[in-house]
Amino acid sequence: MDFPLLGISSTSISTSIFDRKICAVSSSKQAGRQGLDQFGDLTLKTMPEEKALTITNGSSNKKIPHVLTVAGSDSGAGAGIQADLKACAARGVYCSTVITAVTAQNTLGVQDVSILPEDSVAEQLKSVLSDMRVDVVKTGMLPSIGMVKILHDSLKQFPVQALVVDPVMVSTSGDVLAGPSILDTFRHDLLPMADIVTPNLKEASALLGGLQLKTVTDMRSAAKSLHNMGPRNVLVKGGDLPSSSDAIDVFFDGKDFYELRSTRIQTRNTHGTGCTLASCIAAELAKGSSMLSAVKVAKRYVETALMYSKSITIGNGPQGPFDHGFKLKRNAGNSSRLQLLDPSDLFLYAVTDSGMNKKWGRSITDAVKAAVEGGATIVQLREKDAETRDFLEAAKSCLEICRIHNVPLLINDRIDIAMACDADGVHVGQSDMPVNTVRSLLGPEKIIGVSCKTPEHALKAWADGADYIGSGGVFPTNTKANNRTIGLDGLKDVCLASKLPVVAIGGINLSNARSVMELGVANLEGVAVVSALFDRECVVAETRKLHGLLTETVANMGSSDTN
């Protein structure tokens, strides 16, 4: 498929392989969806309101995700506390700080390290943890045995949801930031408390007594050995692996290994990548993501930031900082909204059709407005017959409507339209542009869905970096020619194989939607419909009917599960 707005063809684009599953909580869309907030495994833990950071919107309070970073200050602001603050801000998470040391460093290296008194570190920890309801603690530079023990004792007194340990001992540039004397304390006191530890190759080697890591096989072995020390998950970062043309990290959860690959960006601006990656993981965990999902999002974010910042010049040394906020290159025109997919967005998925709009005398904008007012939770513009200029203008108008209602807007197939109007993402089929190529074009923040008929399709969608899959056709439909149906059994097989949220597609309407939702598969989040909404006289009324039926079905299933 060619994309005239971009001036490119689908065969001319370099690819980058990623995995992602992201979850965010959207409080404004919960009305009428009682019982839906437990879909999947990515819900936020409930926190007492009196000590939580909250934002008030009318009568409802929404918990603000909160990360506390315990690390050293970097005067050049590329790494340490400063990088942690910028990374959390970019990921939409509040970040508080405990400073362990003040360093004098710039793009040339580290010139001085002044370690703070341990009593000061203890007081900082107590001040934040006793008051501000921290979700996740992320550690960086811990330059003394006493500080490690203080942190250990503080977390015993004030438990948090997760502890992310970035064992900062040697920077990427080779500067030694913590001596070997604290290694035993790390192993015995901190690692057993950690939900994830994120060493680079030199740090992993130091923790394992000097073991040399030169291959991916070595990294796997190191990850397993580190896991035996107590952390629940291990991420060995292979950015310095000499034998690989890709940036390969090895993630181990105690059961499975995952090799996470990304493009090796040729740039001098790599200072603070480790701090940023760990902070990004912490931020995603604070928002409610699963561990593997958080790692994948963090890795993609760092790669995107490096790519964006590869030509920025700050300082005269060999290793410069990068731009966490994607704002320094004024001519880039970056307008990404950091839109995240909440699996419950798939609950009532409305797909427009140009033929039906024409039949009923509606514009695309009118159709979308009616659907979201009736309760559609996500909208896909599938306009095969529209001219590019007309489609783009209509997409912009539809996006304004969807943003007002906090409903994601996706574009079917047309990546050029999605990029030009800053839509929230795209949906592609098996014969369209590959998901990993779409991801390389859209970046880490946009939503990508892919149509899948088989378990094999579903697993590939996950491996290539999709955010959800649409599985079907479940029933026969007239909206797509030669569309093979898979039935309810086929849908269930795909759901059970999928590591992503699933929306059922194909021939679904008021008469059969209940049977779809009653499959009772945990990751089946909703139904996608075309004719049931848009081939009707009143789109608002039909949408309300279907939304009510789905809500009732899910509520009944929930009540039967508790009886």
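The first residue of the sequence shown is numbered 1, and numbering continues consecutively from there.
The minimum heavy-atom distance between Ile469 and Ala458, with the atom names listed, is CD1-CB, 3.7 Å. The two residues Asp135 and Pro65 make their nearest non-hydrogen contact at OD2-CA, 3.3 Å. Closest of all the heavy-atom pairs between Val372 and Cys402 is CG1-SG, 4.3 Å. Of all the heavy atoms in Ala350 and Leu533, the pair that sits closest is CB-CD1, 3.8 Å. Between Val435 and Asp464, the shortest heavy-atom distance links the atoms CG1-O, 3.6 Å. Here the closest non-hydrogen pair linking Ala513 and Leu549 is CB-CD2, 4.0 Å.
Taking the charged nitrogens against the carboxylate oxygens, Glu303 and Arg300 have no contact shorter than 4.0 Å, which rules out a salt bridge. Contact check on Lys453 versus Asp493 returns no salt bridge, with no Lys/Arg side-chain nitrogen under 4.0 Å from an Asp/Glu carboxylate oxygen. We find that Asp249 and Lys296 are not joined by a salt bridge, their nearest charged nitrogen and carboxylate oxygen being 4.0 Å or further apart.
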Exercise for the section: Quick one: do Glu537 and Arg362 satisfy salt bridge (charged side-chain N to carboxylate O under 4.0 Å, His left out)? Show the steps, please. Expected result: CA-CA 10 Å; Glu537 182 176 0; Arg362 302 187 194 99; over 6 Å; no

Exercise for the section: Start with the C-alpha distance between Glu373 and His405, add both sets of side-chain angles, then the distance that settles side chain to side chain contact (heavy atoms under 4.5 Å, CB included), and finish with yes or no. Expected result: CA-CA 8 Å; Glu373 288 179 352; His405 291 82; 4.0 Å; yes

Exercise for the section: Would you sort out whether Asp84 and His324 count as a side chain to side chain contact (heavy atoms under 4.5 Å, CB included), showing the intermediate values? Expected result: CA-CA 10 Å; Asp84 298 341; His324 293 75; over 6 Å; no

Problem - Test log, rule side chain to side chain contact (heavy atoms under 4.5 Å, CB included), inputs Cys421 and Leu392 - result: CA-CA 7 Å; Cys421 74; Leu392 177 58; 3.9 Å; yes

Practice task
Verify side chain to side chain donor-acceptor pair (under 3.5 Å) between Thr270 and Thr273, making sure each step is shown before the conclusion.
Solution key: CA-CA 6 Å; Thr270 59; Thr273 50; 5.6 Å; no

Problem - side chain to side chain contact (heavy atoms under 4.5 Å, CB included) between Thr267 and Ile312, intermediate numbers included - result: CA-CA 9 Å; Thr267 177; Ile312 290 174; over 6 Å; no

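Under a 3.5 Å cut-off, the side chain of Asn512 and the backbone N or O of Asn509 do form a donor-acceptor pair. Of the possible polar contacts, none joining the Asp390 side chain to the Glu387 backbone as a donor-acceptor pair under 3.5 Å is found. Here the side chain of Lys446 pairs no donor or acceptor atom with the backbone of Val426 at under 3.5 angstrom. Lys310 places no side-chain N or O within donor-acceptor distance of the main-chain N or O of Gln266, the cut-off being under 3.5 Å.
Taking SG of Cys398 as the start and CG of Leu409 as the end, the distance is 6.5 Å to the nearest 0.5 Å. Atoms CE and OG, on Met307 and Ser440 in that order, are 9.0 Å from each other to the nearest 0.5 Å. Between Ile281 atom CD1 and Thr276 atom OG1 the span is 11.0 Å, to the nearest 0.5 Å. With values rounded to the nearest 0.5 angstrom, Ile448 atom CD1 is found 11.0 Å from Leu341 atom CG. In this structure, SG on Cys88 lies 9.0 Å from NE2 on His66, to the nearest 0.5 angstrom. Between atom CZ of residue Arg439 and atom OG1 of residue Thr304 there is a gap of 8.5 Å, rounded to the nearest 0.5 Å.
For residues 497-530, the set of pairs meeting the ring pair (Phe, Tyr, Trp, His ring centres under 6.0 Å) definition, not counting sequence neighbours, is empty. Residue pairs meeting the ring pair (Phe, Tyr, Trp, His ring centres under 6.0 Å) criterion with at least one partner in residues 417-443, sequence neighbours excluded, are His427-Tyr468.
The environment of Asp256 atom CG is dense: over 12 non-hydrogen atoms of other residues, nucleotides or ligands sit within 6.0 angstrom.
The side-chain hydrogen bond (donor to acceptor under 3.5 Å, both in side chains) check on Asn233 picks up nothing, with sequence neighbours excluded. Taking Glu400 as the reference, nothing meets the salt bridge (Lys or Arg N to Asp or Glu O under 4.0 Å) condition, with sequence neighbours excluded. Taking the salt bridge (Lys or Arg N to Asp or Glu O under 4.0 Å) definition, one finds that Asp246 meets it with Arg261, sequence neighbours left out. By the salt bridge (Lys or Arg N to Asp or Glu O under 4.0 Å) test, Lys359 is found to be paired with Asp535, residues two or more places apart in sequence or in another chain being considered.
Counting heavy atoms from C-beta on, the side chains of Tyr349 and Glu525 never come closer than 4.5 Å. Side-chain contact check for Val93 versus Lys287: some heavy-atom pair is nearer than 4.5 Å. The shortest side-chain heavy-atom distance between Thr377 and Ser344 does not fall under the 4.5 Å cut-off. Contact of the Thr477 side chain with the Thr485 side chain is not registered, since no non-hydrogen atoms from C-beta on lie closer than 4.5 Å. Proximity of Pro501 to Asn523: side-chain heavy atoms (C-beta onward) are nowhere separated by under 4.5 Å. Using a 4.5 Å cut-off on side-chain heavy atoms (C-beta onward), Thr365 and Lys396 make no contact. Residues Val474 and Leu488 meet the side-chain proximity criterion, which asks for heavy atoms closer than 4.5 Å. Proximity of Phe534 to Val539: side-chain heavy atoms (C-beta onward) are separated by under 4.5 Å at one or more points.
Thr352 and Glu383 are linked by a side-chain donor-acceptor pair at a separation below 3.5 angstrom, with hydrogens and angles left out of the test. Between the side chains of Ser363 and Asp366, at least one donor-acceptor pair of N or O atoms lies under 3.5 Å. Inspection of the Arg414 and Thr388 side chains reveals an N or O donor paired with an N or O acceptor under 3.5 Å.
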